Visitor: 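Have a look at this one.
This one's a predicted model, so the numbers in the text were calculated from it and none came from an experiment.
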Amino acid sequence: MAANMKAVKLRIKSVQSTMQITKAMELVASSKLRRAKERSDECRPYFRELHQTLVDIAEGNTDFSSVYAKPAAGSSAKGSASAAAGTTDRYCYVVIAGDRGLAGGYNSNIFKRLEADAAEHAASQTDANGGASAGSNYVVLPVGKKAVEYFKRRGVEILTEDFATVADISVADCFEIARLLCKEYREGRFGHIELCYTEFVSMLSQRAEIYPMLPLTDLESHGSLSADAPDAGSAAADASSGDSPKKPIRNLILYEPDSSEVFDAIVPEYLGGFIYGGVCDSVASELAARRNAMEAATSNAEEMIEKLNLSYNRARQASITTEITEIVAGAEGV
């Protein structure tokens, strides 16, 4: 009985130590979350305006042509590096995950969402090729240590590991990522670019999302997003709704040297703002997920301590009762 009481006492101390850690992590995540959410909200207007400018240029100019706006597959253009980007069905995923765990299903949800999307694209390519297997025809640019570790374990081709720590990602890093993606896209290494991030819906809800970035034809097929997305979901919905035909604007706006060069110069800025918005939303989502997970862990630890205290008190009471019974029996024997 004494040994059992000692084991319960040690277990209580162990759970109390764990509860102190989870409570501290909950407080730290809560203190960082407010600022992260504010940063996520502040970066959205910039991208909305930039995205709408791209849509206006691409759809409003009748003689407009750009490698970033044409379909990523089935392009009829041949014989140039620019055309090569439109002749491949390969996908590049910019995957934003966390640097640490203990955040509930935050990391696993984005990886599951990516695998499902890649499998869907592979199945569609298989059907398009008449039954020929397309395989895992994609490359990733991981942002976050967990993303790098995940894709390394699975042998997926990684574009670069220079941005492996999401906590250190700045606006300049996002524009550097955008320039790298545009360079590889123009050279024909892949024909589609998609962003995998976690959308911050509320303090209790975070949703893994995949949204196309290039070419612009993919944006039309994707449809609308929620208003809380880090991109111009409402602008994309308005542009693709088709309520009224788009009027050419080339007679109203003069682009120097021409609309195509202006568009191609804006695209890297657009991608940089898009990626930065995804990073801000993902960081806020990670902190919210960690706060919720640590709050649940702390609550579970408190319940466990209550049960262990009850077990300890019962064992202690049983020990006292046994001792009293032994004393009474000994006294009667005398």
Visitor: Do the side-chain N and O atoms of Tyr185 and Arg189 include a donor-acceptor pair separated by under 3.5 angstrom?
Guide: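 No, no side-chain donor-acceptor pair sits under 3.5 Å.
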
Visitor: Using a strict 4.0 Å threshold on nitrogen-to-oxygen distance, state whether Glu303 and Lys307 make a salt bridge.
Guide: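 No.
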
Visitor: Does a side-chain heavy-atom distance below 4.5 Å link Pro215 with His192?
Guide: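 Contact flag for Pro215/His192 side chains = yes.
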
Visitor: For Met19 and Thr298, work out which heavy atoms get closest and say how close.
Guide: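 Nearest pair, atom of Met19 first, then Thr298: CG-CG2, 3.8 Å.
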
Visitor: Between Ala208 and Asn109, what is the shortest heavy-atom contact and its length?
Guide: CB-O, 3.8 Å

Visitor: Judged by atom type as modelled, is there a donor-acceptor pair below 3.5 Å linking the side chain of Ser205 to the main-chain atoms of Ser202?
Guide: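 Flag not set: sc Ser205 to bb Ser202 has no pair under 3.5 Å.
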
Visitor: How many angstroms lie between NZ in Lys13 and CD1 in Ile305, if you round to the nearest 0.5 Å?
Guide: 13.0 Å

Visitor: Ignoring hydrogens, what is the shortest heavy-atom contact between Glu26 and Glu295? Give both atom names and the distance.
Guide: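 Heavy atoms of Glu26 and Glu295 come nearest at OE1-CA, 3.6 Å.
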
Visitor: Using a 6.0 Å distance limit plus a 45 degree cone around the ring axis, check whether Arg316 lies over the aromatic ring of Tyr312.
Guide: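 Pair Arg316/Tyr312 does not count as cation-pi.
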
Visitor: Does a side chain donor of either Ser282 or Thr198 reach within less than 3.5 Å of an acceptor in the other side chain?
Guide: no

Visitor: Taking all atoms of both residues into account, what is the closest heavy-atom pair of Ile96 and Tyr106, and its distance?
Guide: O-OH, 4.2 Å

Visitor: Show the numbers, then the answer: is there a side-chain contact (heavy atoms from CB on, under 4.5 Å) between Ile210 and Tyr197?
Guide: CA-CA 7 Å; Ile210 295 182; Tyr197 70 100; over 6 Å; no

Visitor: To the closest 0.5 Å, what do you measure between CG (Leu195) and CG (Leu141)?
Guide: 10.5 Å

Visitor: Using only heavy-atom distances, determine whether the side chains of Tyr93 and Asp117 contain a donor-acceptor pair under 3.5 Å.
Guide: yes

Visitor: Does Lys152 have any salt bridge (Lys or Arg N to Asp or Glu O under 4.0 Å) partners at least two apart in sequence or in another chain, and if so, which?
Guide: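 If we apply the salt bridge (Lys or Arg N to Asp or Glu O under 4.0 Å) test to Lys152, skipping adjacent residues, the hits are Glu161.
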
Visitor: Which heavy-atom pair separates Leu102 from Met25 by the least distance, and what is that distance?
Guide: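 The answer is CD1-CE, 3.6 Å.
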
Visitor: Check whether any side-chain heavy atom of Lys146 lies under 4.5 Å from a side-chain heavy atom of Asp99, and answer yes or no.
Guide: no

Visitor: Which atom names give the shortest non-hydrogen contact between Ala97 and Ile110, and what distance separates them?
Guide: CB-CG2, 4.5 Å

Visitor: Strictly distance-based, threshold 3.5 Å: is any side-chain N or O of Tyr270 a donor or acceptor partner for the main-chain N or O of Met213?
Guide: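 Pair found, side chain donor or acceptor close to backbone of Met213.
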
Visitor: Who passes salt bridge (Lys or Arg N to Asp or Glu O under 4.0 Å) against Asp41, sequence neighbours left out?
Guide: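 Once residues adjacent in sequence are excluded, the partners of Asp41 under the salt bridge (Lys or Arg N to Asp or Glu O under 4.0 Å) criterion are Lys37, Arg44.
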
Visitor: Students often mix this up, so state it plainly: with edges at 30° and 60°, are the rings of Phe111 and Phe151 parallel, tilted or perpendicular?
Guide: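 Ring orientation, 0 to 90° scale: perpendicular.
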
